[in-house]
Amino acid sequence: MKRTIARPENAYQAALLRLLRERARSRAELGDVAALSRSRLNLELDRLIELRLAEQAGLAASRGGRRSGLVRLSADLRFAGIDIGATSIDAVVTNGELEILGHLSERCDVRDGPVAVLDQAMEMITKLGEQDLFTQLYGAGIGLPGPVSFREGVPVAPPIMPGWDRYPVREAVGQALGCPAVVDNDVNIMALGELHAGLARQVDDFLLVKIGTGIGCGIVVDGKIYRGVSGSAGDIGHIRVDDQGPVCACGNVGCLEAYFGGTALAREATAIAGRSAYLGRRLDQTGTLTAEDVASAAEMGDAEAVRLIRDGGRRVGTVLAGLVSFFNPGLVIIAGGVAQLGHVLLAEIRSVVYRRSLPLATGNLPIVLSELGPDAGVVGAARLSSDHVFSAPR
Ligand SMILES: [Zn+2]
């Protein structure tokens, strides 16, 4: 039987849970960081322990005088993180500190529609449950490869997800898993993953550019995702880079994504296969080319493939230079499947951004490739869920 899921009762308890999410801490340290009086702190901590959201964890090292009791998040806390991509699903179960306890990855086709795809995702969570990773989830976070109204928990007119428009994903997942659920787009959850466990841990203001099947940008301001008024902030794939360009999936002409998403790259690779020995051979063998083929061709020094990546990197760099001038981030992370194109791509993006933006903006601006890989999305989804659960009741 599922028991009722405890939630923090006030803003103090929520703040303490977020501090404990980083690591176990002594009561003395918690009092300092949270700026609570000793009596208030002990009152709220005792309540969190009663609610089984936190637990005692022995004694801390002495700071002189009496040793202070260590407190940590309850060892029973579990969150699910689900990252639905255009062609794959990743699902994890984490503990309260958002360390991954189990991770499954399966192929899927998001065009099969919400019922089939969410069923598959729920089955993956069930499989993780069968590995004794949890008895009760405290929350679940889901990322989708398209625009999401975060407030309503539904995708809105997602270009590559037929049948998903306004499907109640948050409600469906919450009901299936018996816990609160939150839904966001895949780029925002990746940015949260980087903030929690990746290169952005010490950075409050940064951009994450995802180059996968499509192109999007996660915007983190003061340690929080910036979503804009309706949730579409960061949709940079549809910034026009050329009035005469190819037609995009969104119906407009010359979008960045129409030049350099995974789909565009596959199309371009096929067009130049006649001039590249490697790509020509791959095309003969498999009948289609993908962004990965371009990556392997470039790795082997194929000049045409390298040129494709440079052209794409230059266009991404041009858009990014504009964003850097506008936003003045402390870090830019390049992530997503096409980012596997690696250092040729990174070098091109860097050279354009550093050349085009003003020195004050780029003087201290690292532009780096994500090191989290497929973990970024799922950790971020779990973090999104934990942010929601560890928040004060309204
Ligand atoms: Zn477009």
Side-chain angles (χ1 to χ4, degrees), residues 84-87 109-111 113 143-150 154-167 183-191 207-219 225-272 288-291 294 308-327 332 334-339 341 345 348-349 352-353 356 377:
I84 297 176
T87 57
D109 187 341
V110 79
R111 292 171 300 185
L144 297 177
V148 169
S149 164
F150 180 71
V154 301
V156 178
I160 63 163
M161 302 168 68
W164 287 78
D165 187 24
R166 304 205 75 85
Y167 188 85
V183 188
D184 206 339
N185 75 58
D186 55 351
V187 185
N188 286 349
I189 61 165
M190 285 172 84
L207 298 175
L208 174 129
V209 177
K210 182 197 176 190
I211 312 174
T213 306
I215 298 180
C217 182
I219 306 166
I225 293 287
Y226 177 79
R227 297 188 175 87
V229 171
S230 54
S232 76
D235 210 350
I236 62 167
H238 303 286
I239 290 179
R240 179 170 290 191
V241 292
D242 188 341
D243 288 344
Q244 315 298 329
V247 176
C248 177
C250 74
N252 288 318
V253 164
C255 295
L256 177 62
E257 190 170 302
Y259 279 104
F260 197 54
T263 315
L265 206 53
R267 184 194 64 225
E268 292 285 310
T270 311
I272 61 157
T288 59
L289 288 175
T290 63
V294 179
L308 262 193
I309 296 171
R310 288 226 171 101
D311 284 353
R314 203 178 56 247
R315 291 201 169 93
V316 172
T318 305
V319 168
L320 192 52
L323 301 179
V324 165
S325 297
F326 179 73
F327 180 68
V332 173
I334 311 288
V338 175
L341 297 175
L345 175 66
E348 194 65 34
I349 293 176
V352 177
V353 174
R356 295 241 182 139

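None of these values were measured; they are calculated from a predicted model. Atoms within a ligand are numbered from 1 in the order they appear, just like the ligands themselves.
Contacts of Val187 classified as side chain to side chain contact (heavy atoms under 4.5 Å, CB included), with partners at least two apart in sequence or in another chain: Asn185, Leu208, Lys210.
Residue pairs meeting the side chain to side chain donor-acceptor pair (under 3.5 Å) criterion with at least one partner in residues 252-267, sequence neighbours excluded, are Asp242-Tyr259.
Listed by chain and number, His238 ND1, Cys248 SG, Cys250 SG, Cys255 SG are the protein N/O/S atoms closer than 2.8 Å to the Zn ion (ligand 1), with waters left out.
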Contacts table for residues 228-237: side-chain donor-acceptor under 3.5 angstrom, sequence neighbours left out:
none

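For Arg310 and Glu348, the salt-bridge test passes: some basic side-chain N is under 4.0 Å from an acidic carboxylate O.
Other residues, nucleotides and ligands contribute more than 12 heavy atoms inside 6.0 Å of the CZ atom of Arg240.
Of the possible donor and acceptor atoms, one in the side chain of Trp164 sits under 3.5 Å from a partner among the backbone N and O of Val110.
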